[in-house]
Amino acid sequence: MIDIQILRNDIGIAKDKLLSRGFDLDVATFQSLENARKELQVKTQDLQEKRNSISKEIGILKSKNENTDLHMKSVNAISDDLKAGESELAELQGKINQFMLDIPNIPHESTPIGKSESDNKVLKTVGEPRKFTFNVKDHVDIGAQHGLNFDLGAKLSGARFVVIEGKLAKLHRAITQYMLDTQTDKHGYKECYTPYLVNSDSLIGTGQLPKFEADLFSLSHNESKLYLIPTSEVTLTNFVRDEVVKLSDLPIKLTAHTPCFRSEAGSYGKDTRGMIRQHQFDKVEMVQIVHPDKSYDALDEMVSHAEFILTSLELPYRLLSLCSGDMGFGAAKTFDLEVWLPSQNTYREISSVSNCEAFQARRLKARFKSEDGKNLFVHTLNGSGLAVGRTLVAIIENYQNEDGSITIPKALVSYMGGIEKI
RNA sequence: GGAGAGCUGGCCGAGAGGUCGAAGGCACUUCCCUGCUAAGGAAGCAUACGGGCUUAAACCUGUAUCGAGGGUUCGAAUCCCUCGCUCUCCGCCA
């Protein structure tokens with residue numbers, strides 16, 4: 001949620017900035033809601049004050065056993081107006097809240113302006129793509145002989161599901177363990193195990209709801225509805241929902257390995273081959289809850305934490321600054337890491353690291369007590385460190401051999417029980 | 001699944017329809033005292049959102065908030081209903 005004060009004070013600037021990410025702010029609607037709210041709130045609060053003070057007098061009179069008929073009369077005279085005002089105001093504030101929840105974050109000034117992914121800015125390219133002396137295969141073809149089984153996934157669940165068997169499943173697990181160990185032991189994140197099902201409050205907090213319900217899987221449970229997490233950013237970031245944390249507790253650095261579930265609504269026909277885009281995939285997520293002054297330092301730090309995995313796995317990649325039009329709903333600034341996929345002869349996203357500034361914190365009511373005792377919103381950041389499935393794909397493809405075997409990256413050999421090739 | 005108890009400010013805890021945003025304690029902040037890593041004294045100390053004033057802040061003022069939502073009432077932390085969560089006992093269970 002963006003700061004409503006920005007809309008009250010400087011809606012023109014907000015409109016321009018939001019337009020740069022393709023969101024057309026409905027200024028007229030906001031202003032008419034806001035004007036109505038102002039008038040109604042003043043009127044209603046005025047009536048409430050009247051009622052409260054008369055009621056207080058009634059209490060005093062009654063304690064002295066005096067007559068209260070006159071006071072009762074005057075309070076009754078305003079009661080209809082008051083009730084109507086209160087319910088109208090509640091409705092209006094609900095509308096304003098809905099309006100606010102649907103507005104994406106305002107891009108940071110350093111975010112490149114652009115419409116689509118073609119406007120993203122490549123900041124650097126790291127590592128040389130390997131020169132192959134044979135025809136490269138994609139991970140689907142190589143994986144087939146190693147237990148990467150899309151047919152079985154389809155039989156069990158449907159399209160965009162996969163079963164991984166044998167040594168490849170072990171490799172998948174090894175990747176996960178390596179990432180978690182690195183982010184905890186080396187980079188100082190606290191490892192967490194979190195629910196995979198969350199309530200709607202959590203998803204509103206991080207910005208997936210109410211706008212992106214179609215992207216989520218949900219289950220009904222008794223009367224209530226639970227959602228499968230699309231990323232553990234949701235659970236980890238919601239640790240601080242409705243909390244006022246101590247200044248000394250910042251930064252909070254959390255990591256978790258969880259499956260992620262995405263309906264991939266609207267991506268029909270995209271990446272249908274292979275395990276680039278699945279309904280279920282694993283991810284090691286990094287989340288930081290930080291002091292507002294430190295969030296951009298933290299962002300750079302988190303990018304380096306994700307990069308470390310790629311460099312230590314010796315995978316070629318590049319770093320992009322996403323343009324305004326390509327960023328996620330809650331982000332003010334996002335860096336993407338893209339890994340080289342030889343079969344596609346291109347780089348594909350494997351990590352996304354974002355600073356949401358106070359956008360999520362406002363929804364979450366996640367605050368800290370500042371030095372002068374004020375409750376201020378924290379800044380929240382999240383990033384993949386990394387997506388496990390796509391890392392498996394990258395390893396299969398970049399480490400493939402002519403005979404169809406896959407060399408295990410050095411960093412993972414110990415996690416594979418000493419196996420160097422599968 | 002059954003039975004019961006509970007949910008009050010950063011924490012503990014009183015309050016059982018009227019002058020309660022809420023006693024008291026702890027923690028915290030400032031000041032005083034004290035020749036010492038302690039003790040004592042004074043004051044302050046919830047949050048959100050409005051309105052006024054203002055360049056802004058400070059300030060003044062109002063409203064709301066005692067798990068959440070609804071209801072009764074002139075008036076609800078207090079009474080009623082629904083829901084959520086926590087704890088205890090029984091049952092079942094990885």
Side-chain angles (χ1 to χ4, degrees), chain A residues 1-10 13 30-101 193 195-205 219-227 235 238-250 252 289 358 360-378:
Chain A
M1 187 136 59
I2 63 172
D3 188 348
I4 196 165
Q5 296 302 343
I6 294 176
L7 298 192
R8 287 187 180 139
N9 300 333
D10 233 331
I13 290 182
F30 177 77
Q31 285 177 337
S32 77
L33 284 172
E34 180 61 9
N35 290 338
R37 187 226 96 226
K38 200 162 177 175
E39 191 184 331
L40 193 59
Q41 183 164 356
V42 170
K43 187 180 119 195
T44 304
Q45 290 192 349
D46 198 51
L47 289 174
Q48 285 171 326
E49 187 209 346
K50 236 177 237 163
R51 179 206 58 198
N52 290 346
S53 64
I54 297 173
S55 291
K56 203 171 219 173
E57 284 176 46
I58 291 173
I60 294 169
L61 290 175
K62 288 225 165 164
S63 71
K64 296 183 193 155
N65 271 321
E66 289 178 30
N67 184 288
T68 59
D69 289 356
L70 270 177
H71 290 76
M72 290 291 217
K73 215 177 224 172
S74 54
V75 96
N76 281 325
I78 61 172
S79 97
D80 283 353
D81 270 0
L82 179 57
K83 275 198 178 117
E86 280 175 342
S87 69
E88 208 181 321
L89 183 63
E91 194 185 327
L92 204 49
Q93 277 170 333
K95 275 187 195 162
I96 291 174
N97 195 40
Q98 282 304 309
F99 184 88
M100 295 302 295
L101 285 174
Y193 172 82
Y196 304 151
L197 292 168
V198 293
N199 56 34
S200 57
D201 284 346
S202 293
L203 289 155
I204 289 169
L219 296 91
S220 59
H221 170 67
N222 300 334
E223 302 295 293
S224 69
K225 192 173 184 183
L226 292 171
Y227 297 83
T235 46
N238 271 277
F239 278 21
V240 292
R241 170 153 54 88
D242 294 320
E243 299 289 335
V244 179
V245 301
K246 284 193 221 128
L247 183 61
S248 58
D249 289 339
L250 300 178
I252 298 171
I289 315 292
Q360 292 179 326
R362 257 179 232 110
R363 294 169 163 248
L364 295 160
K365 296 181 181 58
R367 292 161 300 173
F368 71 100
K369 190 73 86 180
S370 72
E371 265 154 348
D372 49 354
K374 294 214 164 109
N375 288 350
L376 303 176
F377 289 117
V378 296

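Residue numbers begin at 1 in each chain, while the letters A, B, ... track the order of the sequences.
Shown here are the ring pair (Phe, Tyr, Trp, His ring centres under 6.0 Å) partners of A/F30, two or more places apart in sequence or in another chain: A/F99.
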Go through it in stages, so that I can follow the logic: the residues are A/L226 and A/V198, the test is side-chain contact (heavy atoms from CB on, under 4.5 Å), and I'd like the CA-CA distance, side-chain angles, deciding distance and then a yes or no. CA-CA 5 Å; A/L226 292 171; A/V198 293; 6.0 Å; no
Go through A/L364 and A/I204 one step at a time and tell me if the side-chain contact (heavy atoms from CB on, under 4.5 Å) criterion holds. CA-CA 8 Å; A/L364 295 160; A/I204 289 169; over 6 Å; no
Test side-chain contact (heavy atoms from CB on, under 4.5 Å) on A/I252 and A/F239; report intermediate values, then the result. CA-CA 10 Å; A/I252 298 171; A/F239 278 21; over 6 Å; no
Run A/L40 and A/L92 through side-chain contact (heavy atoms from CB on, under 4.5 Å) and show every step you take. CA-CA 9 Å; A/L40 193 59; A/L92 204 49; 4.2 Å; yes
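The separation between A/D201 atom CG and B/G69 atom P is 12 Å, rounded to whole Å. Whole-Å rounding puts the A/K365 NZ to B/A68 P distance at 12 Å. Rounding to whole angstrom units, NZ of residue A/K43 and P of B/U63 are separated by 17 Å. For the pair A/D242 CG and B/U65 C1', the interatomic distance rounds to 13 Å; values are reported in whole Å. Between the CZ atom of A/R363 and the C1' atom of B/A48 there is a distance of 18 Å, given to the nearest Å. Rounded to an integer number of Å, the gap from CG of A/L47 to P of B/C74 is 17 Å.
For the residue pair A/L61 and A/N67, the shortest heavy atom distance occurs at CD1-O, 3.8 Å. Residue A/V378 comes nearest to A/A361 through the heavy atom pair O-CB, 3.1 Å, listed as atom of the first residue, atom of the second, then distance. Heavy atoms only, all atoms of each residue included: A/I289 and A/L250 are closest at O-CD2, 3.5 Å. Looking at every heavy atom in both residues, A/T44 comes nearest to A/L82 through O-CD1, 3.9 Å. Heavy atoms only, all atoms of each residue included: A/S74 and A/I54 are closest at OG-CD1, 3.7 Å. Closest of all the heavy-atom pairs between A/M1 and A/L101 is SD-CD2, 4.2 Å.
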According to the Watson-Crick and G-U wobble definition with distances under 3.5 Å, which dot-bracket string, read 5' to 3', encodes RNA chain B, using [ ] for crossing pairs and | for pairs with another strand? ((((((((.[[[..)..(.....]]].(((((.......))))).(((((((......))))))).[[[[[..)....]]]]])))))))....
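For B/G51, one of the phosphate oxygens OP1 or OP2 lies less than 4.0 angstrom from a side-chain nitrogen or oxygen of A/K38. Of the side-chain N and O atoms in A/R367, none sit less than 4.0 angstrom from OP1 or OP2 of B/U47. Note on A/R362: every side-chain N or O is 4.0 Å or more away from OP1 and OP2 of B/A48.
Rounded to the nearest Å, the gap between the P atom of B/G44 and that of B/C26 is 16 Å. The P atoms of B/G35 and B/G15 are separated by 44 Å, rounded to the nearest whole Å. A gap of 38 Å separates the C1' atoms of B/G1 and B/G10, to the nearest Å. For the C1' atom pair drawn from B/G17 and B/C12, the interatomic distance equals 27 Å after rounding to whole Å. On the C1' atoms, B/A23 is 16 Å away from B/U78, given to the nearest whole Å. Across the P atoms, B/A77 and B/C66 are found 7 Å apart, a figure rounded to whole Å. When the P atom is compared between B/C87 and B/U82, the two are found 23 Å apart, to the nearest whole Å. Spacing of C1' atoms, B/G84 relative to B/G67, comes out at 8 Å, to the nearest Å.
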Could you pull out the protein-nucleic contacts involving nucleotides 56-62 of chain B (nitrogen or oxygen on both sides, under 3.5 Å)?
residue : atom : partner : partner atom : Å
B/G62   : N2   : A/Q45   : OE1          : 3.4
B/G62   : N2   : A/Q45   : NE2          : 3.4

Under 3.5 Å, N/O pairs linking protein and nucleotides 6-17 of chain B:
none

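Listed candidates were B/G51, B/U19, B/G18. Nearest to the side chain of A/R37 is B/G51. Listed nucleotides B/U19, B/C74, B/U47 differ in distance to A/S55; the shortest reach to its side chain belongs to B/C74. Which of B/C74, B/U19, B/A48 sits closest to the side chain of A/K62 comes down to B/C74.
The residue among A/I60 and A/S53 whose nearest nucleotide of RNA chain B is located toward the 5' end is A/I60. Remark on RNA chain B: of its neighbouring residues A/K56 and A/V42, the 5'-side contact belongs to A/K56, judged by nearest-heavy-atom nucleotide.
Using a 4.0 Å heavy-atom distance criterion, A/E34 is classed as making no nucleic acid contact. Counting non-hydrogen atoms under 4.0 angstrom, A/I58 reaches a base of the nucleic acid.
Of the residues in residues 66-90 of chain A, those with a non-hydrogen atom less than 4.0 angstrom from any atom of RNA chain B are A/M72, A/V75, A/N76.
Contact annotation: the side chain of A/R367 approaches that of A/V244 to within less than 4.5 Å [non-hydrogen atoms, C-beta and beyond]. In this structure, the side chains of A/I13 and A/I6 stay at 4.5 Å or more apart for every pair of heavy atoms.
Side chain of A/N9 to backbone of A/Q5: a donor-acceptor contact under 3.5 angstrom is found.
For the residue pair A/N199/A/S202, the side-chain donor-acceptor check at 3.5 Å is satisfied.
Pairs of residues two or more places apart, or lying in two chains, that qualify as salt bridge (charged side-chain N to carboxylate O under 4.0 Å, His left out) and include a residue from residues 31-51 of chain A are A/R8-A/E34, A/E34-A/R37, A/R51-A/E86.
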